[in-house]
2 protein chains.
Amino acid sequence: MKSELAHAELIAVLTAVTSDAPRVMTVRAGEALPSGPLEVGHRSLQSGLRTWVHEQTGHPVGYLEQLYTFADSDRAPQGTATRTISISYLGLVREQAAPGAGVPGWHGWYEYFPWEDHREGRPKALAAIEEGLAAWAGSDRSRSEHRHRRIAFTFGIDKAPWNEDLVLQRYELLFEAGLVVEAGASSAPESGRAMFADHRRILATAIARLRSKIKYRPVVFELMPENFTLLQLQRTVEALAGLKLHKPNFRRLIDQQELIEETGELSNEAGGRPAKLFRYRRAILDEHAISSSRLPLSRN
Amino acid sequence: MKSELAHAELIAVLTAVTSDAPRVMTVRAGEALPSGPLEVGHRSLQSGLRTWVHEQTGHPVGYLEQLYTFADSDRAPQGTATRTISISYLGLVREQAAPGAGVPGWHGWYEYFPWEDHREGRPKALAAIEEGLAAWAGSDRSRSEHRHRRIAFTFGIDKAPWNEDLVLQRYELLFEAGLVVEAGASSAPESGRAMFADHRRILATAIARLRSKIKYRPVVFELMPENFTLLQLQRTVEALAGLKLHKPNFRRLIDQQELIEETGELSNEAGGRPAKLFRYRRAILDEHAISSSRLPLSRN
DNA sequence: CGCAATATACTCATGACGAGTATAAGTTGG
DNA sequence: CCAACTTATACTCGTCATGAGTATATTGCG
């Protein structure tokens, strides 16, 4: 088994939610995701990354999941013949790091993806984006129709609904159309903040994964404080999904799952009727997934 | 950015379905998954793997998806200090390779996981397995209760329903309990065929991923011939899921999706009323996913 | 006191899904 | 050539999850 030798590095997308804004940990003044070499000492990738993050941020990682491994040869550093393999991870942390020596910084997701936040309705950035996409679709007559349909589906235009999960598809479409700085576009407010190399693409992967995951696994609680109100929980989910939710139905859903329990205490941080405080029932099996079958089973 | 140098290899889980049996491509007489070093020439991992598989099997890969990257230091080959990074992929091919020089062989999934096929009811292998698991759970008094609940949930015992997606969790539980050969158990018919290193674990990951994927993405069609009947399609899905489906409801589901169209021809391979032949509508966007929201949206 | 703000508890309609039944159109064997 | 069997196809029905809307508690504050 003679295989090529390659550099191996880990890239982490660490996310926290503070005051209803989802944030990601960055370095280089928000230009890059934190990354580091794969070190010899660590038994597994997971455990290595865990200790590393804990050292860097001062906070433990509640949930850690592998995202994707990139090894395209054009990702090799300039001048090197050796290939670089980048293994990216998604991690959820409960709080932001105290703004220490200024090394790591936290930035809001939607600085990088202004078109992804639909909590206050369809973002204005989308008007300019749709224009740019339409121009791109029209520029190639033979593929024009297919492109238009793809755009409509991906961005929820015409009768297509907005699908919050398609974060990566949207970014890749914008990339293909040359509408983001990483693909050669000149900087524009609606195209969001650019990042080093393909880091913004990795961030898009992470957001997509998380948005889809919160629907069938109770990972949100890794972002919540010990005790929280139902509205706080809802606001956190809304921040991640970039959507407003229906309050009564959200409560009903949470009820049914039986994932949380009352602490007995009340919170009156917000100036209204005090809300009951809840806590996550850690006793619940983490496997607790509502396997929404989607297959027409027959029970024998 | 000085990172450790590592060996990089690709491991492929190639799956085809022939005569209602899902199979995986193997080497070494069914003992290992095909793998190879990451080569310099290839631009990306995907494209490299695609050409490699095409050369090896004579069939193009219809669908290719990255599974997981392992880099645990105990995976390094004996005597080497260098770490090995294994990147595993799931690939779907339409037909089996012609049994050529005998190099690659195809083996049924359920040789390796006899407890996963529930098409003919609960497999008998599960009786012995449940016994073994119960003994393991009882052997540690302090964790006994938690283990019992985990076993019941994972294997669908007591009131818990069988969840076909938990393939990996089941294998890992059996591994933890020391009930598979890879974990030191002596060979037993109910524990399935063992594989080299952690290849059976990778296969479990692949099966789990595919079982979950067929529910929300039209990947089954990558395994079907050009034209097929609805029953053939159903049998293929059943083979993958390891479950029997309800025929009328299956047809209704397929109808609604509008993923296929009639060819106009009929098939009378089976000795009954001839069935209409269908084909997959490739025109349909691959993104065509029924985003089953699971979040209590509010439409503004 | 009355109003604003938040929390909490309902009701209602629709539609997806599990389950079962009925009818059509061929093949096979006495 | 008819009867039995096999497979295909078309319905119906009840239940429950989900989207949507409305009504009723509790608090703080001017």
Side-chain angles (χ1 to χ4, degrees), chain A residues 20 118 161-164 214-216 227-238 241 243-278 289-300, chain B residues 20 118 161-164 214-216 227-238 241 243-278 289-300:
Chain A
D20 301 345
H118 286 228
W162 173 260
N163 184 339
E164 74 279 7
I214 48 173
K215 286 171 192 158
Y216 60 98
N227 301 320
F228 49 85
T229 70
L230 288 179
L231 189 58
Q232 281 167 2
L233 183 63
Q234 181 179 344
R235 293 285 178 249
T236 304
V237 174
E238 288 176 342
L243 288 172
K244 271 275 173 34
L245 303 181
H246 185 96
K247 194 178 346 189
N249 292 348
F250 180 78
R251 299 166 144 268
R252 180 177 57 189
L253 194 70
I254 298 294
D255 259 30
Q256 292 166 351
Q257 319 249 30
E258 299 190 321
L259 291 171
I260 62 176
E261 60 192 3
E262 301 184 12
T263 66
E265 285 165 273
L266 297 177
S267 154
N268 51 357
E269 286 183 19
R273 169 176 168 181
K276 286 179 190 162
L277 280 172
F278 292 84
I290 321 91
S291 82
S292 60
S293 49
R294 272 264 153 221
L295 281 183
L297 295 182
S298 72
R299 307 245 161 91
N300 285 340
Chain B
D20 301 346
H118 287 229
W162 173 261
N163 184 339
E164 73 279 5
I214 49 173
K215 286 171 193 159
Y216 60 97
N227 300 319
F228 50 84
T229 70
L230 288 179
L231 189 59
Q232 282 167 4
L233 183 63
Q234 182 180 344
R235 293 285 177 249
T236 305
V237 175
E238 288 175 340
L243 288 172
K244 271 275 175 26
L245 303 181
H246 185 96
K247 192 172 358 182
N249 291 348
F250 180 78
R251 305 168 77 94
R252 179 176 58 188
L253 194 70
I254 298 294
D255 260 30
Q256 291 166 352
Q257 318 250 31
E258 299 188 323
L259 292 172
I260 61 177
E261 60 193 2
E262 301 183 13
T263 66
E265 286 164 272
L266 296 177
S267 154
N268 50 356
E269 284 182 24
R273 168 177 169 180
K276 287 180 190 160
L277 280 172
F278 292 85
I290 321 91
S291 82
S292 60
S293 50
R294 273 262 153 221
L295 280 182
L297 296 180
S298 74
R299 307 247 160 89
N300 285 340

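Quick caveat, the model's predicted, so the values are computed rather than measured. When reading the values below, keep in mind they use all heavy atoms of this one structure, side chains included, and skip hydrogens, waters and symmetry mates. Every chain is numbered from 1, with letters handed out A, B, ... down the list of sequences.
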[X] has an atom [atom1]; how far is it from atom [atom2] of [N], in whole Å?
{"X": "H246(B)", "N": "dC11(D)", "atom1": "NE2", "atom2": "P", "value": "15 Å"}
{"X": "L253(A)", "N": "dA20(D)", "atom1": "CG", "atom2": "C1'", "value": "15 Å"}
{"X": "D255(A)", "N": "dT8(C)", "atom1": "CG", "atom2": "P", "value": "10 Å"}
{"X": "L230(B)", "N": "dT6(D)", "atom1": "CG", "atom2": "C1'", "value": "17 Å"}
{"X": "F250(B)", "N": "dG18(C)", "atom1": "CZ", "atom2": "C1'", "value": "16 Å"}
{"X": "R252(A)", "N": "dG21(D)", "atom1": "CZ", "atom2": "C1'", "value": "12 Å"}
{"X": "N249(A)", "N": "dA9(C)", "atom1": "CG", "atom2": "C1'", "value": "12 Å"}
{"X": "R251(B)", "N": "dC11(D)", "atom1": "CZ", "atom2": "C1'", "value": "13 Å"}

- prompt: Do F278(B) and L233(B) have side chains that get closer than 4.5 Å, going by heavy atoms?
  reply: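 Result no, sub-4.5 Å side-chain heavy-atom pair not found.
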
Listed by chain and number, what are the side-chain contact (heavy atoms from CB on, under 4.5 Å) partners of [X], not counting sequence neighbours?
{"X": "T263(A)", "answer": "N227(A), E265(A), L277(A), R279(A)"}
{"X": "P274(A)", "answer": "L266(A), N268(A)"}
{"X": "R273(B)", "answer": "none"}

| For E262(B), what residues pass the salt bridge (charged side-chain N to carboxylate O under 4.0 Å, His left out) criterion, not counting sequence neighbours? |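 Expected list: K276(B).
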
* To do: Just jot down the side-chain hydrogen bond (donor to acceptor under 3.5 Å, both in side chains) partners of E238(A), sequence neighbours excluded, or say none.
  =>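 Checked E238(A) against side-chain hydrogen bond (donor to acceptor under 3.5 Å, both in side chains); matches are Q234(A), R235(A).
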
Margin query: Please confirm whether the shortest side-chain N or O distance from K247(B) to OP1 or OP2 of dT9(D) is below 4.0 Å.
Written below: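 No.
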
With B for base contact, S for sugar-phosphate-only contact and - for none (protein heavy atoms under 4.0 Å), nucleotides 24-30 of chain C reads BBSS---

